[in-house]
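Notes follow once the structure below has been shown.
Quick caveat, the model's predicted, so the values are computed rather than measured. Every chain is numbered from 1, with letters handed out A, B, ... down the list of sequences.
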Amino acid sequence: MKSHTEYLLFNTKKRRDYINITDSVEKVVEKSRIQEGFVLVSAMHITAGVYINDAEQGLIEDIDEWLDKLAPFGPDYHHHRTGEDNGDAHLKNLMIGSQVFLPVTEGRIDFGPWQQVFYAEFDGRRRKRVLVKIIGE
Amino acid sequence: MKSHTEYLLFNTKKRRDYINITDSVEKVVEKSRIQEGFVLVSAMHITAGVYINDAEQGLIEDIDEWLDKLAPFGPDYHHHRTGEDNGDAHLKNLMIGSQVFLPVTEGRIDFGPWQQVFYAEFDGRRRKRVLVKIIGE
Amino acid sequence: MKSHTEYLLFNTKKRRDYINITDSVEKVVEKSRIQEGFVLVSAMHITAGVYINDAEQGLIEDIDEWLDKLAPFGPDYHHHRTGEDNGDAHLKNLMIGSQVFLPVTEGRIDFGPWQQVFYAEFDGRRRKRVLVKIIGE
């Protein structure tokens with residue numbers, strides 16, 4: 001069994017942002033030289049998410065509006081008693097999920113049509129990390 | 001370390017459908033002869049999901065109504081500017097999740113009571129695939 | 001490849017409860033002596049969840065209120081035709097997810113800042129289990 005771990009860095013200009021990280025993850029897989037295995041792509045923060053979906057701009061707008069409707073920015077969350085203002089970002093993270101698992105088959109990520117991996121930032125403008133860890137052979 | 005990969009095929013008659021795939025996944029595990037490891041069951045499309053829950057017909061109706069309440073079919077999503085009409089299916093996929101991981105212990109899927117694996121189709125009436133990949137020993 | 005499996009037991013006094021299980025999961029990893037790998041932490045019941053987020057009391061209250069707003073306790077779910085009264089607990093499980101994957105790097109869980117693992121009980125007052133399975137080397 002081999003393993004290989006890398007960390008992707010983000011520091012978005014906007015509070016919320018959606019970044020296609022498919023190429024970065026593919027490069028980690030290539031570098032690992034693992035032929036059969038799994039890659040975990042996992043946000044290391046609880047106010048950001050990782051998800052698989054389409055790289056279509058209209059859809060990204062839909063996702064952002066939908067998350068903000070179901071877990072809105074603004075209300076006086078209990079969490080804000082700590083001085084924070086990002087209660088919504090924690091809920092958005094729970095809504096969309098913070099990690100995905102990608103299968104590696106014959107040295108490549110075994111994607112279906114239109115599947116792309118996204119980093120979803122819900123409380124940006126600071127340094128954040130995503131872990132990419134692959135195990136296999 | 002051993003690995004084994006198969007693809008399940010679906011082509012539902014209805015736009016939305018919920019299919020119990022527990023037996024199919026168990027057969028893949030059996031065929032792999034892996035005794036200890038993990039199985040990834042992952043929709044290869046961004047308008048379908050995979051989840052674990054109970055095979056109870058009333059509950060399946062509840063899940064369908066609940067998903068359609070929180071991510072409704074019908075509205076004029078930005079994504080529809082591309083000519084598509086399935087914006088809701090993308091959001092339903094994000095809501096319920098597109099993959100599950102099952103533990104394999106002593107050659108069998110280590111399920112708790114009532115746990116069953118479902119394929120959730122949100123934009124059917126075409127050929128779709130689910131990847132089942134097991135790694136272990 | 002090595003593997004190690006344990007089961008955590010719960011029997012909450014309240015119907016809904018949120019329990020920080022980070023230390024318990026870390027002890028399983030230590031005991032396994034695995035240096036590089038993955039840990040699956042997965043609820044073995046379909047009316048409970050496992051998630052990663054902050055151990056902040058206000059946030060836990062926010063999460064509980066938010067889940068109950070989007071998947072409320074009380075309505076006459078179709079599932080209740082079976083005599084059950086826990087339809088909401090099944091939906092809350094689907095909403096927050098029932099499993100997380102943790103990376104193990106150099107013998108320790110590779111957490112980001114504030115990341116803690118929680119068991120979320122949605123239909124307690126009875127014996128329930130969470131599987132913790134680690135594979136790696």
Side-chain angles (χ1 to χ4, degrees), chain A residues 1-10 32 37-51 69-72 75-84 86-102 123 126-137, chain C residues 1-3 18 20 22 34-42 49-71 92-118 120 134-137:
Chain A
M1 204 203 79
K2 292 201 297 183
S3 72
H4 181 82
T5 309
E6 293 201 18
Y7 305 89
L8 309 180
L9 300 175
F10 301 90
S32 76
F38 292 128
V39 199
L40 173 66
V41 184
S42 189
M44 301 187 79
H45 302 262
I46 53 197
T47 53
V50 172
Y51 69 89
K69 189 179 156 201
L70 296 183
D76 192 19
Y77 292 104
H78 299 299
H79 182 50
H80 296 177
R81 293 186 308 230
T82 61
E84 293 281 0
N86 62 2
D88 71 301
H90 289 272
L91 302 181
K92 286 178 172 93
N93 152 291
L94 293 172
M95 181 107 197
I96 208 159
S98 62
Q99 43 185 220
V100 299
F101 244 82
L102 303 168
D123 187 22
R126 43 179 148 166
R127 205 179 129 94
K128 294 214 175 168
R129 291 190 303 160
V130 165
L131 172 142
V132 182
K133 188 177 188 100
I134 171 167
I135 72 169
E137 244 172 17
Chain C
M1 205 202 80
K2 293 200 297 184
S3 73
Y18 301 85
N20 189 337
T22 313
I34 283 169
Q35 295 297 302
E36 296 289 325
F38 292 127
V39 199
L40 174 66
V41 184
S42 188
V50 172
Y51 69 88
I52 299 169
N53 218 298
D54 194 354
E56 198 277 302
Q57 190 51 39
L59 182 68
I60 291 170
E61 291 166 31
D62 290 324
I63 291 170
D64 185 64
E65 289 173 17
W66 176 70
L67 287 171
D68 203 52
K69 189 178 155 202
L70 296 183
K92 287 178 172 92
N93 152 292
L94 293 172
M95 181 107 196
I96 208 159
S98 62
Q99 44 184 220
V100 300
F101 245 83
L102 303 168
V104 176
T105 305
E106 296 174 9
R108 304 216 43 182
I109 299 177
D110 199 345
F111 279 123
W114 311 109
Q115 288 190 316
Q116 300 277 294
V117 188
F118 276 83
I134 171 166
I135 72 169
E137 243 172 19

Next item on the list: Check whether L91(A) gets within reach of chain C through its side chain, its backbone, both or neither, counting any heavy atom under 4.5 Å.
Entry: both
Check: Which heavy atom of E36(C) sits nearest a heavy atom of K133(A), and at what distance?
Finding: OE1-NZ, 2.7 Å
Next item on the list: Could you check which of G49(C), G58(C), G112(C) has the highest count of heavy-atom pairs closer than 4.5 Å to chain A?
Entry: G58(C)
Note to self: With a 4.5 angstrom heavy-atom cut-off, is it the side chain or the backbone of L70(C) that approaches chain A, or both, or neither?
What the structure shows: side chain
Check: Tell me, side chain or backbone of E65(C) under 4.5 Å from chain A's heavy atoms, or both, or neither?
Finding: side chain
Next item on the list: Check whether any side-chain heavy atom of Y77(A) sits under 4.5 Å from a side-chain heavy atom of W66(C), and report yes or no.
Entry: no
Notebook entry, point to check: Would you say the ring centroid of F38(C) lies under 6.0 angstrom from that of F38(A)?
Noted result: no
Margin query: Sort by residue number and list every residue of residues 93-100 of chain C having at least one heavy atom under 4.5 Å from chain A.
Written below: M95(C), I96(C), V100(C)
Item checked: Contacting region of T82(A) [heavy-atom separation from chain C under 4.5 Å] -> side chain
Notebook entry, point to check: Under a 4.5 Å cut-off applied to non-hydrogen side-chain atoms, are P113(C) and H45(A) in contact?
Noted result: yes
Notebook entry, point to check: Between atom CE of M44(A) and atom CH2 of W114(C), what is the distance when rounded to the nearest 0.5 Å?
Noted result: 15.0 Å
Next item on the list: Using non-hydrogen atoms and a 4.5 Å limit, figure out which bit of A71(A) sits close to chain C: side chain, backbone, both or neither.
Entry: both
Note to self: I need the full list of salt bridge (Lys or Arg N to Asp or Glu O under 4.0 Å) pairs touching residues 54-63 of chain C, with sequence neighbours left out, sorted by first then second residue.
What the structure shows: R81(A)-E61(C)
Check: Does D88(A) have any salt bridge (Lys or Arg N to Asp or Glu O under 4.0 Å) partners at least two apart in sequence or in another chain, and if so, which?
Finding: K92(A)
Item checked: Heavy-atom pair with the smallest gap, counting every atom of D110(C) and T5(A) -> OD2-CG2, 4.3 Å
Note to self: I need the minimum non-hydrogen distance between P103(C) and L40(A), along with the two atoms involved.
What the structure shows: CD-CD2, 3.9 Å
Next item on the list: Would you check if there is a donor-acceptor pair between the side chains of Q57(C) and H78(A) at a distance under 3.5 Å?
Entry: no
Item checked: I109(C): side chain to side chain contact (heavy atoms under 4.5 Å, CB included) partners, not counting sequence neighbours -> V25(C), E26(C), V29(C), L102(C), F111(C)
Notebook entry, point to check: For the atom pair CE (M1(C)) and CE (M1(A)), what is the distance rounded to the nearest 0.5 Å?
Noted result: 8.5 Å
